[in-house]
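Okay, so here's the structure we're looking at.
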Amino acid sequence: MDSLLSRPETAEPLSLYGREAVKEELRRAIAAGSTEPETLIGAARESLSRRFAPTVVRVVNGTGVLLHTNLGRSPLAEGARDAIARVAAGYSTVEYEPATGHRGKRQDHVRGAARALFGAEEALVVNNNASAVYLALTALARGRAVLVSRGELVAIGGSFKIPEILEASGAFLREVGTTNRTTADDYRRALSADTALLLTVHPSNYEIRGYAISPEPSEIAAVAREAGIPWVHDQGTGCVVSLDEFGVSGERTVTNCLADGADLVTFSGDKLFGGPQAGFAVGRASLLSKLAEHPVARVVRPDKLALAGIAATLTAWKTGRWRDFPLYRAAAAPIEALEARAERIRSSMAGSAFAIEIVPSFAVFGGGTSPEKKFASRALAVAREGLSADELTLRLRSGTPPVIARVEAGRALLDLRTILPEEDVVVERALKEV
Ligand SMILES: *Cc1c(COP(=O)(O)O)cnc(C)c1O
């Protein structure tokens, strides 16, 4: 062992992984049977680099889904990235007021700007939107009934199910109407002395069509007002501006929802808002003070990095720089620009074993913006003799960095809309490596 550790080839692994880990892997290599020092050190190096390779790494998103929950949702704006890096490197004012030298409030970094951006009386930032919904339910409805339309008892992603969150919060679910039809009178009939609030949920990942109705926002607001209970709306996406210009219609902004009469609106920070993982609750100050003072608020509080990122993202929205966010740049990229990029990648691969075609494609915002709302895009359809589309996509995602494609009609598709322009060279390199 000593002679192995003192060989020049071991110097680099020692400096990268430390003595203990290197010894452990050398022992394992020895136990596997070899006696040749080069072989032993080579085997140890290989398993060390595998063992300590980071697993949360950047990937190239060729799926066409802009807010892909499995791929980390929104890339951050430049200002947010800088703010997070600065705060991460040292101490910070997360709960400190330099002016007075006294303890400061964590929420003060985001409250004012969030109130101004969303036109809300008050705002609170927590760990994620599921936390915001849970906190609202437990602080406002524990032990009491919550009205939810049967058409909105939804599951979002693998683990956010409205009935389960409700049950965990200690509130009781009072189902209203039917899956496809719920009216304001259905809500009225479901009211009782025990009703704490009315909850509506943005239909994030499904649409009910055909023989279907749901009340207008003004009707829901009227039911809640007459009954003297709050209307809590889980808006989900954190939409700040209309998405009409991207060809996606009907997505209500958070400000719209408040203007419709919702008393509390909850949403994610890392979807259309374009920030790091966080959850917002905005609306009436009297309700938000109940949320802020509840012990669960401490359980779901945001960390300093998320706060720094959210604060910088709020500033970018408020100063009109949202069009520079990677998310909105990607959404707004003209088809001709996507086509030109696709053409450049394709011509760089000329003479290779790949058959590459540029095909029309559809991108979606994702992350709770209805999957039905597709907008035009362009993709590279890549095929290679002797390699199935599944094998090809496997190889692409096994590279460094992984390039994530989708398979459609037996071909691997790389959608240019979700690939950042500076990543085109990475895609080229990945294809060449395959
Ligand atoms: C995304 C979403 C959630 C979950 O939000 P997280 O930030 O992932 O916790 C809840 N409700 C709706 C309507 C959503 O769109």
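Side chains of Arg142 and Thr138: a donor on one and an acceptor on the other come within 3.5 Å. Under the 3.5 Å distance criterion, with hydrogens and angles disregarded, a donor-acceptor pair is assigned to the side chains of Asp415 and Ser377. With no hydrogens or angles considered, a side-chain donor-acceptor pair links Arg406 and Ser361 at under 3.5 Å.
Within the 3.5 Å criterion, the main-chain N or O of His68 finds no donor-acceptor partner in the side chain of Arg73.
Glu122 meets the salt bridge (Lys or Arg N to Asp or Glu O under 4.0 Å) test with Arg111, Arg115; sequence neighbours excluded. Applying the side chain to side chain donor-acceptor pair (under 3.5 Å) rule to Glu121 yields no partners; only residues at least two apart in sequence or on another chain are considered. Residues satisfying the side chain to side chain donor-acceptor pair (under 3.5 Å) test with Thr63, not counting sequence neighbours, are Asn61. The ring pair (Phe, Tyr, Trp, His ring centres under 6.0 Å) test applied to Phe280 returns Phe118, Phe267, Phe273, not counting sequence neighbours. The salt bridge (Lys or Arg N to Asp or Glu O under 4.0 Å) check on Glu46 picks up Arg50, with sequence neighbours excluded. Listed by chain and number, the residues in a salt bridge (Lys or Arg N to Asp or Glu O under 4.0 Å) with Glu339 are Arg378 (sequence neighbours excluded). For the side chain to side chain donor-acceptor pair (under 3.5 Å) test, residues two or more places apart in sequence or in another chain that qualify with Thr253 are Asn256. Thr319 meets the side chain to side chain donor-acceptor pair (under 3.5 Å) test with Arg321; sequence neighbours excluded. The salt bridge (Lys or Arg N to Asp or Glu O under 4.0 Å) check on Glu167 picks up nothing, with sequence neighbours excluded.
Here Glu428 does not pair with Arg346 in a salt bridge; the nearest charged N to carboxylate O distance is not below 4.0 Å. Comment: Glu293 does not engage Arg298 in a salt bridge, judged by the lack of any side-chain N to carboxylate O separation of less than 4.0 angstrom.
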Which pairs would a plain distance check flag for residues 177-185, meaning a side-chain donor or acceptor within less than 3.5 Å of a matching protein atom at least two apart in sequence or in another chain?
{"unit_1": "Thr178", "atom_1": "OG1", "unit_2": "Asn180", "atom_2": "OD1", "d": "3.3"}
{"unit_1": "Thr178", "atom_1": "OG1", "unit_2": "Arg181", "atom_2": "N", "d": "3.0"}
{"unit_1": "Thr178", "atom_1": "OG1", "unit_2": "Arg181", "atom_2": "O", "d": "2.8"}
{"unit_1": "Asn180", "atom_1": "ND2", "unit_2": "Tyr211", "atom_2": "O", "d": "2.8"}
{"unit_1": "Thr182", "atom_1": "OG1", "unit_2": "Ser149", "atom_2": "OG", "d": "2.8"}
{"unit_1": "Thr182", "atom_1": "OG1", "unit_2": "Thr178", "atom_2": "O", "d": "3.2"}
{"unit_1": "Thr183", "atom_1": "OG1", "unit_2": "Asp185", "atom_2": "N", "d": "3.4"}
{"unit_1": "Thr183", "atom_1": "OG1", "unit_2": "Asp186", "atom_2": "N", "d": "3.1"}
{"unit_1": "Thr183", "atom_1": "OG1", "unit_2": "Asp186", "atom_2": "OD2", "d": "3.2"}
{"unit_1": "Asp185", "atom_1": "OD1", "unit_2": "Arg188", "atom_2": "NH1", "d": "3.0"}

Solution key, residues 93-101 side-chain donor-acceptor pairs under 3.5 Å, sequence neighbours excluded:
{"unit_1": "Glu95", "atom_1": "OE1", "unit_2": "Arg103", "atom_2": "NH2", "d": "3.1"}
{"unit_1": "Glu95", "atom_1": "OE2", "unit_2": "Arg106", "atom_2": "NE", "d": "2.8"}
{"unit_1": "Glu95", "atom_1": "OE2", "unit_2": "Arg106", "atom_2": "NH2", "d": "3.3"}
{"unit_1": "Glu97", "atom_1": "OE1", "unit_2": "Thr100", "atom_2": "OG1", "d": "2.9"}
{"unit_1": "Thr100", "atom_1": "OG1", "unit_2": "His102", "atom_2": "N", "d": "3.1"}

Less than 3.5 Å apart, which donor and acceptor atoms pair up between the side chains of residues 384-396 and the rest of the protein, not counting sequence neighbours?
{"unit_1": "Ser388", "atom_1": "OG", "unit_2": "Asp390", "atom_2": "N", "d": "3.4"}
{"unit_1": "Ser388", "atom_1": "OG", "unit_2": "Glu391", "atom_2": "N", "d": "3.0"}
{"unit_1": "Ser388", "atom_1": "OG", "unit_2": "Glu391", "atom_2": "OE1", "d": "3.4"}
{"unit_1": "Glu391", "atom_1": "OE1", "unit_2": "Ser388", "atom_2": "N", "d": "2.9"}
{"unit_1": "Thr393", "atom_1": "OG1", "unit_2": "Ala389", "atom_2": "O", "d": "3.1"}
{"unit_1": "Thr393", "atom_1": "OG1", "unit_2": "Asp390", "atom_2": "O", "d": "2.9"}

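Partner Thr237 forms a side-chain hydrogen bond (donor to acceptor under 3.5 Å, both in side chains) with one of His202, Lys271, Glu251 and no other, that one being Glu251. The side-chain contact (heavy atoms from CB on, under 4.5 Å) test with Val382 is passed by exactly one of Leu413, Ile345, Leu414: Leu414.
For the pair His294 and Leu135, the minimum side-chain heavy-atom distance is below 4.5 Å.
Phe52 has its ring centre less than 6.0 Å from the ring centre of Tyr17.
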Begin from the C-alpha positions of Val359 and Arg411 and carry the test side chain to side chain contact (heavy atoms under 4.5 Å, CB included) through to its verdict.
-> CA-CA 11 Å; Val359 297; Arg411 288 192 296 191; 3.7 Å; yes
